[in-house]
Amino acid sequence: MTQAETRAELRFHNAAIRGIVTSVGEQCVRFVDEGPKLGLSEAEIARLQRALGLNQRHIVKDGQTTVDLCEASARKLLKGCDVAAASVQALILVTQSPDYSAPSSAIELQHRLGLPVTSMAFDMRLGCSGFVYGLSVAFSLIESGLERVIVCVGDAASRFVDPTDHAIAPIMGDAGAAILVERTPSESCFQLYSDGSGQRALIIPHSGLRTTAEDEGLSATMQMDGAAVFNFTLQRVPDMITSMLSYADVTVDELDYVILHQPNKYILKNLQKRMKVSDDKMPIATQSVYGNQNSASIPGTISGFLSEPFTSRKLKSMFAGFGIGLSWASCVVETGQIYAPPSFIGLGD
Amino acid sequence: MNSAEFLAKVADVLEYEGSLSRGQSLEDIEVWDSLGILSVVDLLEEIGADVDIEQLSNLVTTDDLIAIAGSAVSE
């Protein structure tokens with residue numbers, strides 16, 4: 001079997017995004033305020049601000065969870081799209097921070113939102129690649145016969161990092177997005193990748209049933225090998241984009257937007273330089289305003305910065321997520337004047 | 001570019017206050033951290049040297065850095 005035959009490539013003709021809503025944590029933490037508490041000097045804070053774009057982030061308060069953020073987004077999505085919860089046939093929750101490791105939090109969310117018991121609901125345990133993965137599954141369900149699916153993506157990442165770890169705590173933001181996918185004629189295609197050999201690059205030890213010698217002495221919080229993640233990103237993402245453009249038979253010039261996962265400004269500028277995408281097509285500021293929103297970063301970028309174009313125009317965009325797993329995925333999708341209000345701060349209206 | 005010019009560029013991207021010399025221990029340079037290494041990867045790429053972060057993380061002195069820059073830097 002050739003390599004081309006073993007690729008996870010998907011092509012759809014009858015599924016499209018109708019709405020995107022993102023809710024971010026209510027607390028805004030400024031890096032200049034938290035830096036000294038993390039033991040960083042003024043010079044180090046200034047350097048990290050300049051190089052990585054660390055500025056501020058939004059995190060949850062009072063024990064709020066990913067499910068709370070996603071519920072708030074999904075309620076606003078249903079209302080904004082004028083869709084009855086009873087008409088939704090599937091709910092997919094993509095998160096690494098469910099309310100419980102069992103059962104699937106999607107089922108709790110299905111109940112909270114008032115979806116019928118005749119709907120399907122399940123979790124997908126993915127991080128920064130999760131939006132594209134979740135969307136691919138939703139599109140598959142639509143193409144297989146369903147009419148209406150909600151994908152919820154996000155993490156309350158502030159609750160699974162060590163708040164005293166200056167390498168990771170000031171990067172993470174909390175967000176939950178809800179995306180409505182419906183049956184309608186629309187062309188899209190996806191490529192999905194995984195490499196379990198990079199499992200240790202980003203990992204939460206002691207979070208499942210296995211404990212290895214490498215886990216000894218580590219806390220049950222996200223551990224990041226920054227160099228490994230950076231190397232992975234630069235090795236894999238540009239190639240994926242090139243391959244995706246070929247599979248979708250489009251050029252960057254023909255795309256309205258190239259929206260990547262938003263880990264930090266440094267990585268995105270580096271990728272932008274390699275891929276030769278202009279500033280106006282490739283937003284890179286999401287992490288600086290909201291923090292790294294994990295699987296919600298692509299919808300979070302649309303809600304945070306591209307509400308007007310996505311609401312008012314028909315667009316062709318590439319989305320690409322990459323990170324923990326290691327897992328990476330991209331897609332080219334068409335959208336037509338969708339419901340995409342600006343990000344909501346907190347759970348209220 | 002000669003080695004002195006190269007080390008001046010390295011000091012610049014590292015935002016190192018002062019000048020770097022041949023044989024200087026990288027470990028003693030405060031800004032030779034993950035962020036500093038990323039900046040030097042960019043610099044090396046700009047001058048045509050193909051390296052990755054792991055390679056750079058294992059270097060010991062500025063002489064190793066000059067060596068990894070290859071033909072782009074003359075003695």
Side-chain angles (χ1 to χ4, degrees), chain A residues 31 35 38-55 165-171 195 197-198 200-202 222-239 263-276 284 287-288 292 326, chain B residues 1 4-21 23-73:
Chain A
F31 185 52
L38 294 163
L40 296 170
S41 69
E42 239 176 73
E44 286 170 324
I45 290 169
R47 183 166 165 247
L48 288 165
Q49 278 188 305
R50 248 191 333 272
L52 296 184
L54 300 190
N55 181 34
D165 183 346
H166 68 76
I168 193 165
I171 295 171
D195 179 6
S197 73
R200 301 294 307 189
L202 277 157
M222 184 67 77
Q223 311 289 318
M224 179 173 70
D225 179 344
V229 175
F230 187 77
N231 273 338
F232 150 71
T233 303
L234 295 193
Q235 279 167 10
R236 296 295 193 184
V237 177
D239 285 351
N264 62 58
K265 189 177 80 176
Y266 181 87
I267 285 184
L268 288 168
K269 285 185 92 162
N270 211 301
L271 288 172
Q272 186 183 20
K273 191 173 70 181
R274 283 160 198 263
M275 301 183 310
K276 299 182 174 59
I284 62 168
Q287 195 276 337
S288 299
N292 179 340
L326 299 165
Chain B
M1 174 168 31
E5 289 165 339
F6 173 65
L7 289 181
K9 278 184 181 287
V10 172
D12 188 40
V13 298
L14 286 174
E15 300 181 23
Y16 179 69
E17 289 176 8
S19 57
L20 297 172
S21 54
Q24 188 171 347
S25 166
L26 294 170
E27 201 178 74
D28 295 340
I29 300 168
E30 197 181 299
V31 284
W32 183 255
D33 55 12
S34 56
L35 193 56
I37 290 171
L38 293 181
S39 307
V40 176
V41 169
D42 278 354
L43 170 66
L44 288 167
E45 193 176 84
E46 274 171 29
I47 64 172
D50 187 20
V51 297
D52 66 28
I53 300 170
E54 273 161 10
Q55 280 175 280
L56 246 65
S57 305
N58 296 326
L59 303 186
V60 179
T61 70
T62 51
D63 284 352
D64 299 332
L65 204 50
I66 291 165
I68 211 168
S71 59
V73 177

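Labels below follow one simple rule: chain letters A, B, ... track the order of the sequence lines, proteins then strands, and each chain is numbered from 1. FYI, side chains are in, hydrogens and waters are out, and symmetry mates aren't considered; it's all heavy atoms of this structure.
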Residue-level interface, residues 39-49 of chain A with chain B, non-hydrogen cut-off under 4.5 Å |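 The stretch touches chain B at A:Arg47, A:Leu48.
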Heavy-atom closest contact (B:Leu38 atom, A:Phe230 atom, distance) =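 Looking at all heavy atoms of both residues, the shortest contact is CD2-CD2, 3.2 Å.
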Pick from A:Leu52, A:Leu234, A:Asn270, A:Asn231 with the largest number of heavy-atom pairs that fall under 4.5 Å of chain B = A:Asn231
Side chain, backbone, both or neither: which part of A:Ala51 has an atom under 4.5 Å from a heavy atom of chain B?
->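 Answer is side chain: those atoms of A:Ala51 sit under 4.5 Å from chain B.
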Heavy-atom pairs under 4.5 Å with chain A are the metric here; pick the option from B:Ile37, B:Asp42, B:Val41 that has the most.
-> B:Asp42
Crowding at CD, B:Glu5 (>12 non-hydrogen neighbours, <6.0 Å) =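 Counting other residues, nucleotides and ligands, CD of B:Glu5 exceeds 12 neighbours.
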Using a cut-off of 6.0 Å, state whether more than 12 heavy atoms not belonging to A:Lys265 lie near its atom NZ.
-> yes
Atom CZ in A:Arg274, atom CD in B:Glu45: separation rounded to 0.5 Å?
->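 Between A:Arg274 CZ and B:Glu45 CD, I get 4.0 Å after rounding to 0.5 Å.
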